[in-house]
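Have a look at this one.
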Amino acid sequence: MQNTDIVILAAGKGTRMQSTLPKVLHKLAGQPLLNHVITAANTVANARTLVVTGFAANQVEKALGASASVFVNQPQQLGTAHAVLSALPHLRDNARVLVLYGDVPLISPRTIQKMLDTVCADQMGLLTIELQDPTGYGRILRDADNNIEAIIEQKDASPEQLQIDEINTGVMALTSWQLNDWLPQIDNKNAQSEYYLTDLIAIARDNAVKVKSIKPESSIEVEGVNSRQQLSQLERAHQQKMAEALMESGTSLADPQRFDQRGELIAGTDNFIDINCIFEGKVTLGSNVNIGPNCIISDSVLGDGVEVKANTVIEDAVIGDGVILGPFARIRPGTVLAENSKVGNFVEIKKSTLGKGSKINHLSYVGDAQLGENVNIGAGTITCNYDGANKYKTQIGDNSFIGSNSTLVAPVTVAEQGFVGAGSTVTKDVETDTLAVARAKQRNIKGWQRPSKKKD
Ligand code: UD1
Ligand code: CA
């Protein structure tokens, strides 16, 4: 199969963002704009991605290092043709070349493929679209036979040409040898004194190469980000699309306008997601999962029938079938909750395992702990896992009971069927079928006189 080199232009500063961060590093759905483009580009077989950087090049390269294959520096931004010219020495002989833009994040793999399919010896591809308001874009000029003959930039167009509503999205596909031959012919004699990549279209025509137009499936694929307003609009449009895909696959959303997916979400069927939930990284939901309002779930797996009540935060955890969580639970990285276990309000769990059917219903901190099956942790229990220097483990065997307001000073073990009396500070291991009580004895002082208020 023919090689494909994908050149992504990302050298501009993005002045209208009013930001010290380069525009292409601003985030959409939790990822830098440029990342979306690189991800789409990487879906093409035998493709190499070249990113042209300029403004804050080091910062961009550091942020995206692993995902792109080559970075090319364009220290001065003299125009889009000049940007592609900078990448020219890195293009492979006889490769198909696709030009994409770092600030046009939602181009789809299908459109990319359609563009590449147009490329052959006597044909190139151009992605165009009709817009109700074409202001600012380059316009597509067609001849009497409706063939594309040139692109005219807004600033160079006549009043009649400004009436044309078919615009250049900027995305084009051609061969590396065509770019080698044609790019050096482009000058900067135009209203902006820039080297325009769009001049390639007229040159192609002069060389009897037909320019075939491809249309995107949706306009959000070709919308660019120039301002924070546009970024927020594109974010909502993108979220709407993902919400629709999720509903199509069998998950109900209380309100698709109040749903945010910032990564990959894999879901079974008959799930329900209430308003204002955020899904980050890779999240997998089983079926019949119910997620209450205002939950944040990152990089986690939730089994079938899990119920997550309002305002619960789950990060990097595995939640078994039938688990009930929250409201107001915080599940931190490394937590594994076995099936039918229960975690209630104001409970924080970190790097701990909870066996089948175990319960931590209220106000507790459990860290670096291993709990067996059917363990009951009373309200206000704390595993003291840190001595100010090192972390230690707590082990609690099957069917144990930890009374309310206990502190378990790790390293410590409560064996199976162990029982800890409320208010205990447990520093020594507790054996099977043993009750540990470690609290001051109660004294009752009879006839006790309350202090009375002093007169001054
Ligand atoms: C360009 C097209 C225009 C099209 C529009 C679509 C040209 C001459 N015009 O116009 O026909 O309708 O895109 O959005 O191509 N860049 C570099 N190096 C440079 C110049 C630009 O990397 O030297 C990058 C920018 O960072 C940006 C992209 O290329 O991401 C487009 O450049 P920009 O100057 O914004 O082009 P437009 O004027 O919008
Ligand atoms: Ca420009």
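The figures here come from the full heavy-atom set of this structure, side chains too, leaving out hydrogens, waters and symmetry mates. These figures come from a predicted structure and were not determined experimentally. Counting starts at 1 for both ligands and their atoms, following the listed order.
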Sub-4.0 Å atoms of ligand 1 with respect to non-hydrogen atoms of Gly12 =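 Those qualifying, in numeric order: 26 (O).
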Ligand-side contact atoms (ligand 1) for residue partner Ala11, heavy atom cut-off under 4.0 Å |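 The list of qualifying atoms is 17 (C), 18 (N), 22 (O), 26 (O).
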Heavy atom of His82 under 4.0 Å from ligand 1?
->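 No, that is not the case, since the closest heavy atom of the residue is not under 4.0 Å from the ligand.
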Closest to atom 14 (O) of ligand 1 (judged by heavy-atom distance), picking from Tyr137, Phe55, Tyr195, Tyr101 |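 Comparing heavy atoms across Tyr137, Phe55, Tyr195, Tyr101, the nearest one to atom 14 (O) of ligand 1 lies in Tyr137.
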Considering non-hydrogen atoms only, spot the tightest contact between Val308 and Cys295 and give its length.
->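 Closest approach of Val308 to Cys295: CG1-SG, 3.8 Å.
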Which atoms from ligand 1 have a heavy atom of Tyr196 less than 4.0 Å away?
->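 Those of ligand 1 that fall under 4.0 Å from Tyr196 are 8 (C).
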Shortest heavy-atom approach to atom 23 (O) of ligand 1 - which of Gly79, Gly170, Ala83, Ser86 |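 Of the listed residues, Gly79 has the closest heavy atom.
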Any Arg228 side-chain heavy atom under 4.5 Å of His26 side chain |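 In contact.
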Among Val97, Leu91, Asn94, the one residue meeting side-chain contact (heavy atoms from CB on, under 4.5 Å) with Trp177 |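 Single side-chain contact (heavy atoms from CB on, under 4.5 Å) partner of Trp177 among Val97, Leu91, Asn94: Asn94.
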Does CD belonging to Glu217 count more than 12 external heavy atoms closer than 6.0 Å?
->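 More than 12 heavy atoms, drawn from other residues, nucleotides or ligands, come within 6.0 Å of this atom.
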Which is it for Glu153 and ligand 1 at heavy atoms under 4.0 Å: side chain, backbone, both or neither?
->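 It is the side chain that gets close, since no backbone atom is under 4.0 Å.
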Is there a donor in the side chain of Lys27 and an acceptor in the side chain of Asn35, or the other way round, less than 3.5 Å apart?
->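 Side chains of Lys27 and Asn35: no pair found under 3.5 Å.
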Please state whether Ala10 comes within less than 4.0 angstrom of ligand 1, counting heavy atoms only.
->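 Ala10: in contact with ligand 1 (<4.0 Å).
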Under 3.5 Å between some N or O of ligand 1 and some N or O of Gly102?
->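 Such a contact does not occur with ligand 1.
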Between Leu100, Asp103, Thr169, Asn168, which one has a non-hydrogen atom sitting closest to atom 4 (C) of ligand 1?
->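 Ranked by closest heavy atom to atom 4 (C) of ligand 1, first place is Asn168.
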With a 4.0 Å heavy-atom cut-off (strictly under), which part of Glu194 contacts ligand 1: side chain, backbone, both or neither?
->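 Looking at Glu194 and ligand 1, no heavy atom falls under 4.0 Å.
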Quick one: which ligand 1 atoms are inside 4.0 Å of a heavy atom on Leu9?
->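 Counting from 1, the qualifying ligand atoms are 22 (O), 24 (C), 29 (O), 30 (O).
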Is there a heavy atom of Leu78 sitting under 4.0 angstrom from any atom of ligand 1?
->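 Yes.
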Which of these, Thr198, Val52, Thr80, has its nearest heavy atom closest to atom 21 (C) of ligand 1?
->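 Heavy atom nearest to atom 21 (C) of ligand 1 belongs to Thr80.
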Just by distance, do the side chain of Ser341 and the backbone of Val323 share a donor-acceptor pair under 3.5 Å?
->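 Answer holds: no.
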How does Ala81 reach ligand 1, by side chain, by backbone, by both or by neither, if only non-hydrogen atoms under 4.0 Å count?
->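 Neither; no heavy atom under 4.0 Å.
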Examine the proximity of ligand 1 to Val24 and report which part, side chain or backbone, both or neither, has a heavy atom under 4.0 Å away.
->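 Neither part.
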Which atoms of ligand 1 sit under 4.0 Å from any heavy atom of Gly138?
->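 So the answer, numbered in order with elements, is 3 (C), 4 (C), 11 (O), 12 (O).
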Flag side-chain contact, heavy atom, 4.5 Å: Val211 against Asn147 =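 No, their side chains stay 4.5 Å or more apart.
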So Asp368 and Thr383, side-chain hydrogen bond (donor to acceptor under 3.5 Å, both in side chains) or not? Walk me through it.
-> CA-CA 8 Å; Asp368 302 307; Thr383 55; over 6 Å; no
Evaluate the side-chain proximity of His362 to Asn345: yes if any heavy-atom separation is below 4.5 Å, no if none is.
->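 Contact flag for Asn345/His362 side chains = yes.
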Can you tell me how far CZ of Phe279 sits from CD1 of Ile314, rounded to the nearest 0.5 angstrom?
->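 If I round to the nearest 0.5 Å, the distance is 9.0 Å.
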Between CD1 on residue Ile8 and CG on residue Asp103, distance to nearest 0.5 Å |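 The CG atom of Asp103 is 11.5 Å from CD1 of Ile8, to the nearest 0.5 Å.
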